[in-house]
Amino acid sequence: MQTQALPGFRDFYPADLALRTHIFQTWRSVAARYGFEEYDGPPLEPLDLYTAKSGDEIVGQLYNFTDKGDRQVALRPEMTPTLARMVAAQAGKLRKPIRWFSIPQLFRYERQQRGRLREHFQLNCDLIGEAGPLGDAELIALAIDVLRAFGLGPGDVRVRLSDRRVLSKLLQHRGVPPSGMSRAYEIIDKIERLRKEQIDELSSRPDVFAPATVSDLVDISRIRGWDHLESELAHSSELSKSGGHLKETYESLSAMGLAEFVDVDLTIVRGLAYYTGVVFEVFDARRTLRAICGGGRYDDLLDAVGGVQLPAAGFGMGDVVLGELLREKGQIPPGGASIDVFMAYITREDLPHVLTLAHQLRDAAVRVEYALTPQAVGKQLKLADSRNVRFAVVVGPDERARDEILIKDLRSGSQESIPMNSLANTIKARMNG
RNA sequence: GUGGUUGUAGCUCAAUUGGUUAGAGCGCCGGACUGUGGCUCCGGAGGUUGCGGGUUCAAUCCCCGUCAGCCACCCCA
């Protein structure tokens, strides 16, 4: 008998599930502010939904198997292919732009590390049928507002914003040939994680992006902020034109008052091959955790998956790293009481009255608990206290003789006798008070 | 998948160079307090020292394997 969940999988005890619920509620409420509608798809998909796009090597990272109908299947590692299929199937009847979000549980067969499990939940927001920069800005603003709703500010989280079209033009301008572009992307992507020796080593041998050099790549990777980038783009009108979309995206965010969260930074490339334009990631400001959120524009994917030409952009935000950051920042809401009233009784003869009254309260939507095994009153109140409950009601022979019960406010310690038949009204009145 | 590192009670951590019965705080349970919670005091339960093997008179400690966590790769949700 296994005593632990599988590696990379989580048990959600009530306190853990409370945090998860808090995260999901916040996600849903902010997505709703932007007019996004929730959808879902199957957690199990045909394997080739993923291999067609990413190649066979992705299989090593998937939970895949052959089902009893001899189908090659996989637990979904991401939502975008499912979304692309769903949208493509009904592209003709859906009003554009489509604003959809989902909170899928995703799976990945990889060695786990902190912030990276084999299973997680991810908020996915996608905007389909809009090619303009305002669409990108809308998504980035949504991501930022989600984090703001969790109590995080620009000192806590940073959006790093790039555009592959701009990066591509800059690389081209420095002499990178089309054949060396993906290698150059790869190096830009990891350049700030490389040690100096590794950079020197790269520089010492000719690479496929010649005549551009490693120091060209280093220069580009050091561009920080829109103003800096804009001055780099001023070298040619073609370069300048390539930055138009990113400029409008940035300026839109600025007009929303969100520019203080955003750093233009071309080292954000993102591994997924299907991104075609603006890409962004969100990190904790101290950069001690993995990316909290990532996304971008993927204008060709729906065509590739479903033969429908629709521009699209989206992002994903996982619950694991976000949860760690919230814990670090003390933004985990305290657990509230699970019940409103604890009913205690003195003798067995009092019990039927407790059952009657408790049920009346429950019918009135009051959360009630009582001892299921007769115990000393002190113990019953001790249990009530550990439940963090507001009111205790004591039913005993003395009170019953007068047709009353005792109601005690466990916060203040004050108590009084009230008529038995007024319990529900009294509780409801005091709960609001 | 590769390399490194860690593993003692539910949690956080102790335990002389390998040496009797592996301890403490918090938490949990019980009592003081048989019609009143929190505070205090007292008591109790809880460990195959991750697991398996080896060295030794003797292993929590040294060695090997394995599992799990963490870190760096690979890869990226």
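The model shown is predicted, which means the values in this text are computed figures rather than measured ones. In what follows, chains are A, B, ... by sequence order, proteins preceding strands, each numbered from 1.
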In which ranges does RNA chain B form stems of 3 or more consecutive Watson-Crick or G-U pairs, distances under 3.5 Å? B:1-7 with B:67-73, B:10-13 with B:23-26, B:28-32 with B:40-44, B:50-54 with B:62-66
Taking only residues two or more places apart in sequence or in another chain, which ones pass salt bridge (Lys or Arg N to Asp or Glu O under 4.0 Å) with [X]?
| X | result |
| --- | --- |
| A:Arg28 | A:Glu38 |
| A:Glu399 | none |
| A:Arg290 | none |
| A:Glu328 | A:Arg114, A:Arg286 |

Can a donor-acceptor pair under 3.5 Å be found between the side-chain atoms of A:Glu399 and the base atoms of B:G35? yes
Looking at A:Gln415 and B:U36, is any side-chain donor or acceptor paired with a base atom of the opposite kind under 3.5 Å? yes
Nearest non-hydrogen partners of A:Gly132 and A:His245, listed with the distance: C-CE1, 3.7 Å
Is it the case that A:Arg160 places NZ or CZ above or below the six-membered ring of A:Phe283, under 6.0 angstrom from the centre and within 45 degrees of the axis? yes
What residues 117-125 of chain A contributes to the RNA chain B interface at heavy-atom separation below 4.0 Å is A:Leu117, A:His120, A:Gln122
Neighbours of RNA chain B within residues 15-29 of chain A, by heavy-atom distance under 4.0 Å: none
Hits for ring-ring contact (aromatic ring centres under 6.0 Å, His included) against A:Tyr34, two or more places apart or cross-chain, chain-then-number order -> none
ring-ring contact (aromatic ring centres under 6.0 Å, His included) involving A:Tyr39 - partner list, sequence neighbours excluded: A:Trp100
Within the 4.0 Å limit for protein heavy atoms, which parts of nucleotides 37-42 of chain B are touched? Write it as a string from 5' to 3', B for base, S for sugar-phosphate only, - for none. BB----
If you look only at distance, which donor and acceptor atoms sit under 3.5 Å apart when one is on a side chain in residues 15-27 of chain A and the other is two or more places apart or in another chain?
residue, atom, partner, partner atom, Å
A:Asp16, OD2, A:Tyr13, N, 3.0
A:Thr21, OG1, A:Leu17, O, 2.8
A:Thr26, OG1, A:His22, O, 2.8

For B:A58 versus B:C29, give the span between their P atoms, rounded off to a whole number of Å. 43 Å
Nearest-Å distance once atom C1' is located in both B:U34 and B:G27: 27 Å
Contact under 4.0 Å: A:Gln113 side-chain N or O vs B:A72 OP1/OP2: yes
Please classify the nucleic acid contact of A:Val394 as base, sugar-phosphate, or nothing, using heavy-atom distances under 4.0 Å. base
Quick test of your reading: applying side chain to side chain donor-acceptor pair (under 3.5 Å), list the pairs with at least one residue in residues 146-157 of chain A, sequence neighbours left out, ordered by first then second residue. A:Asp145-A:Arg148, A:Asp156-A:Lys329
Indicate yes or no for a side-chain donor-acceptor contact from A:Arg164 to the backbone of A:Val278 under 3.5 Å, with no hydrogens or angles considered. no
